[in-house]
A.B. asks: 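Before I ask anything, here is the structure I am working with.
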Amino acid sequence: TVKLAISTSVALGATLTMLIVLLALTKPEKRLSSIFIFNSLALFFNFLKLLLNSLWLVGPYQNPYAVIAGDFRHVTAIDESNSIAVPIMALLALLAVLSSLMLQVKVMLATVRAFKKWAVLVACGILACVTVGFVIALTIENVRNIVTLQTGFNEGFRNLLRATSACITLTCVTFTVVFVAKLGHAIWQRKKMGMQPLGAMRILFIMGIQTMSLPSKYSP
């Protein structure tokens, strides 16, 4: 619980910082764009999820007596509502993230041939829909466990959790592969035409590969 509280608080602070930076540094004319709106919503929903999760960690659900004795009579309706809202906020954050990624893929493939463009968009869309389906199922099970005060996870729930994590990881990696591949192709084209590759493009290409590898390796 202490380790979870530390990681949650760090993520909470990082999310709030990113949201403030996004709102402060985005040009006014860009704030009406769909990508900006979805990115802001993703950070906002993630912030709410982490905040409510923090309340759960310091609330009656994690009271030592309640955990040891299995007595949750001190849990109020507000505590239960806050706990139920956590997986729902996680689902909303994921929907915002996937919507933003789909829009970014569409923009990035604007100059690609129509067949290749729609093939990639359809593949990414199907993968995103499958991921959302798993997350919705996990959300329903999570809410059911909270309402019925289940103290542990059964094997079916663990399998669903592992499958959902695998789908989320695969989806994020797929989108990142598309971004990195398109960026790498742009760098190669510039080099082929004798143009000096842009420094920023090369940095994005390298960092894209690095930030794709580590989360994929350590994702549960």
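Hydrogens, waters and symmetry mates play no part in the numbers below; they use all other heavy atoms, side chains included. Here, residue 1 is the first one in the sequence, and each next residue gets the next number.
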A.B. asks: Ignoring hydrogens and angles, tell me if any N or O in the side chain of Thr26 forms a donor-acceptor pair with the backbone of Leu23 under 3.5 Å.
C.D. replies: no

A.B. asks: Tell me whether Leu25 at atom CG has more than 12 heavy atoms from other residues, nucleotides or ligands lying less than 6.0 Å away.
C.D. replies: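 Yes, CG of Leu25 has more than 12 neighbouring heavy atoms, counting only those of other groups under 6.0 Å.
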
A.B. asks: Applying a strict under-4.5 Å side-chain criterion to I, L, V, M, F, W and Y, I'd like to know whether Leu57 and Met89 cluster together.
C.D. replies: yes

A.B. asks: Check the surroundings of atom CZ in Phe36: do more than 12 heavy atoms from other residues, nucleotides or ligands lie under 6.0 Å from it?
C.D. replies: yes

A.B. asks: State whether the side chain of Ser100 and the backbone N or O of Ala96 hold a donor-acceptor pair below 3.5 Å, judged by distance alone.
C.D. replies: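 Such a contact is absent between Ser100 side chain and Ala96 backbone.
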
A.B. asks: Are Leu50 and Leu55 co-members of a hydrophobic cluster defined by side-chain heavy atoms under 4.5 Å apart?
C.D. replies: yes

A.B. asks: Answer yes or no: does atom CE of Met102 have more than 12 heavy-atom neighbours from other residues, nucleotides or ligands under 6.0 Å?
C.D. replies: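 Yes - once you tally the heavy atoms of other residues, nucleotides and ligands closer than 6.0 Å, there are more than 12.
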
A.B. asks: Using atom types as modelled and distance alone, determine if a side-chain donor or acceptor of Ser7 lies under 3.5 Å from a backbone N or O of Leu4.
C.D. replies: yes

A.B. asks: Crowded around Lys106 NZ? As in, over 12 foreign heavy atoms under 6.0 Å?
C.D. replies: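 No - once you tally the heavy atoms of other residues, nucleotides and ligands closer than 6.0 Å, there are 12 at most.
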
A.B. asks: Which pairs with one or both residues in residues 120-139 pass side chain to side chain donor-acceptor pair (under 3.5 Å), sequence neighbours excluded?
C.D. replies: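 Only Thr131-Thr171 qualify under side chain to side chain donor-acceptor pair (under 3.5 Å).
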
A.B. asks: State plainly whether one hydrophobic cluster holds both Leu98 and Trp118, where clusters connect Ile, Leu, Val, Met, Phe, Trp and Tyr through side-chain heavy atoms under 4.5 angstrom apart.
C.D. replies: yes

A.B. asks: If hydrophobic clusters are built by linking Ile, Leu, Val, Met, Phe, Trp and Tyr wherever their side-chain heavy atoms come under 4.5 Å apart, do Val120 and Ile35 end up in the same one?
C.D. replies: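 No: no chain of side-chain contacts under 4.5 Å links Val120 to Ile35.
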
A.B. asks: Applying side-chain contact (heavy atoms from CB on, under 4.5 Å), can you list everything that pairs with Ser83, at least two apart in sequence or on another chain?
C.D. replies: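 Testing Ser83 for side-chain contact (heavy atoms from CB on, under 4.5 Å), a comparison that skips the adjacent residues, returns Trp56, Tyr61, Ile146.
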
A.B. asks: Grouping I, L, V, M, F, W and Y whenever their side-chain heavy atoms are under 4.5 Å apart, do Phe38 and Phe175 come out in a common cluster?
C.D. replies: no

A.B. asks: Of the non-hydrogen atoms in Thr15 and Asn46, which two are nearest, and what is the gap between them?
C.D. replies: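 In this case the closest contact between Thr15 and Asn46 is OG1-ND2, 3.0 Å.
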
